[in-house]
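Remember, it's a predicted structure, so these values are computed and weren't measured experimentally. Side-chain atoms are counted along with the backbone in the values below, which use heavy atoms only and exclude waters and symmetry mates.
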Amino acid sequence: MNISDQLGRPASRGQRPGRARTAAVTVALLAGTLLGCSGGGGNDPDARPTASYQESPPVRNGIETSQNTKDFHKYLASHEDSRDLTTIFIDVRIERSGPDLSGMIITGLDKNLEDTGSPDREKAERLAKAFAAWRTEQFRDHGSVKVYNPAMETMAAATW
């Protein structure tokens with residue numbers, strides 16, 4: 001009996017028809033996805049990027065991404081040491097408070113809302129430092145920035 005004979009038979013012992021076929025398709029799709037993301041290219045500058053960073057910020061629920069978010073994302077993506085940070089922030093907001101600016105970076109970090117010892121704290125601190133460097137290099141202005149988790153708890157801060 002071959003597989004084509006079994007397709008027409010009713011399911012036995014609680015098995016669903018086509019379950020093996022669905023599993024095979026799922027495995028094939030996952031394998032293709034993993035192979036597509038793993039092509040980093042090593043030291044080849046013309047190689048396509050890996051999935052470790054995003055070329056542009058994601059669109060959130062159809063809401064237009066702010067220009068500050070796009071510009072900061074572009075800055076991070078252009079620096080090898082901060083490229084991995086492009087995947088962790090959602091929005092950048094900048095407001096003027098007197099002569100200085102106040103920056104706010106909303107991230108997807110610390111989703112478990114750990115009070116202390118969050119494994120994401122180091123990334124939040126790197127993000128704050130990168131923001132300060134971006135504002136200093138590009139705009140030569142002064143201010144402070146806070147990095148928030150999804151619950152709007154401050155994870156890191158920096159001044160420039």
Side-chain angles (χ1 to χ4, degrees), residues 21-160:
R21 192 173 350 153
T22 303
V25 169
T26 302
V27 168
L29 287 173
L30 287 173
T33 301
L34 290 174
L35 289 173
C37 291
S38 65
N43 294 328
D44 183 5
D46 296 325
R48 71 172 199 215
T50 64
S52 62
Y53 80 99
Q54 294 177 342
E55 299 252 351
S56 59
V59 175
R60 298 174 298 122
N61 300 330
I63 299 171
E64 180 67 29
T65 304
S66 73
Q67 190 61 47
N68 287 321
T69 301
K70 291 176 185 176
D71 292 344
F72 183 51
H73 190 279
K74 185 177 177 182
Y75 173 83
L76 291 175
S78 70
H79 290 77
E80 188 68 37
D81 61 332
S82 61
R83 189 171 287 161
D84 63 310
L85 299 176
T86 60
T87 62
I88 62 174
F89 76 94
I90 298 167
D91 193 24
V92 173
R93 299 177 190 169
I94 301 173
E95 297 176 358
R96 182 165 296 281
S97 58
D100 292 337
L101 297 175
S102 176
M104 177 177 175
I105 303 173
I106 302 167
T107 71
L109 294 173
D110 193 26
K111 292 178 181 155
N112 296 329
L113 305 178
E114 299 175 26
D115 288 332
T116 58
S118 170
D120 290 334
R121 188 162 310 279
E122 182 267 334
K123 289 180 183 176
E125 290 170 355
R126 286 180 51 219
L127 195 59
K129 288 177 184 175
F131 184 88
W134 170 60
R135 293 302 300 186
T136 300
E137 289 175 26
Q138 299 289 318
F139 302 98
R140 302 200 191 290
D141 52 15
H142 301 281
S144 62
V145 63
K146 290 184 179 179
V147 178
Y148 295 93
N149 66 6
M152 299 307 289
E153 297 171 331
T154 303
M155 294 185 66
T159 58
W160 75 92

Requested in this report: Measure across A124 and V147 and return the closest heavy-atom pair with its distance rounded to 0.1 Å.
Outcome: O-CG2, 3.6 Å
Query - Backbone of A156 reached by a side-chain donor or acceptor of R121 within 3.5 Å - result: no
Report task. Of all the heavy-atom pairs spanning A132 and T159, show the shortest one and how long it is. Result -> CB-O, 4.0 Å
Report summary line: H142 meets the ring pair (Phe, Tyr, Trp, His ring centres under 6.0 Å) criterion, sequence neighbours left out, with none
Query raised in the report: Which distance, rounded to the nearest 0.5 Å, do you find between the CZ of R96 and the CG of D141?
Result: 7.0 Å
Report summary line: Rounding to 0.5 Å, atoms CG (D120) and CD1 (I88) come to a distance of 7.5 Å
Query raised in the report: Just how far is it from atom CD of Q138 to atom NZ of K74, taken to the nearest 0.5 Å?
Result: 9.0 Å
Report task. Please answer whether the main-chain N or O of V92 pairs with a side-chain N or O of T69 as donor and acceptor at a distance below 3.5 Å. Result -> yes
Requested in this report: Enter the distance from T154:OG1 to N149:CG here, rounded to the nearest 0.5 Å.
Outcome: 8.5 Å
Report task. Supply the atom-to-atom distance T87 OG1 to H73 NE2, rounded to the nearest 0.5 angstrom. Result -> 8.0 Å
Query raised in the report: Which heavy atom in L85 sits nearest to a heavy atom in A130, and how many Å separate them?
Result: CD1-CB, 4.5 Å
Query - Least distance between heavy atoms, T107 atom then L109 atom - result: OG1-N, 3.1 Å
Query raised in the report: For the atom pair CD (Q67) and CD1 (I94), what is the distance rounded to the nearest 0.5 Å?
Result: 10.5 Å
Query raised in the report: Are any of the side-chain nitrogens in R126 or E122 under 4.0 Å away from the carboxylate oxygens of its partner?
Result: yes
Query raised in the report: Would the number of heavy atoms belonging to other residues, nucleotides or ligands and lying under 6.0 Å from CD of E95 be above 12?
Result: no
Requested in this report: Determine the interplanar angle of the Y75 and F72 rings, folded into 0 to 90°, and report it as parallel if under 30°, tilted if 30 to 60°, perpendicular if over 60°.
Outcome: parallel
Report task. Specify whether F139 and W134 have parallel, tilted or perpendicular ring planes, treating 30° as the upper limit for parallel and 60° as the lower limit for perpendicular. Result -> perpendicular
Requested in this report: Side-chain contact test, heavy atoms from C-beta onward, threshold under 4.5 Å: evaluate it for S66 versus D91 and give yes or no.
Outcome: yes
**Report entry** Parallel, tilted or perpendicular: ring planes of W160 versus F131, cut at 30 and 60 degrees
**Finding:** perpendicular
Report summary line: Nearest heavy-atom approach of A128 to A157 is CB-C, 4.2 Å
Query raised in the report: Taking side chain as C-beta onward, heavy atoms only, is M152 less than 4.5 Å from I106?
Result: yes
Query raised in the report: Taking side chain as C-beta onward, heavy atoms only, is L127 less than 4.5 Å from V145?
Result: no
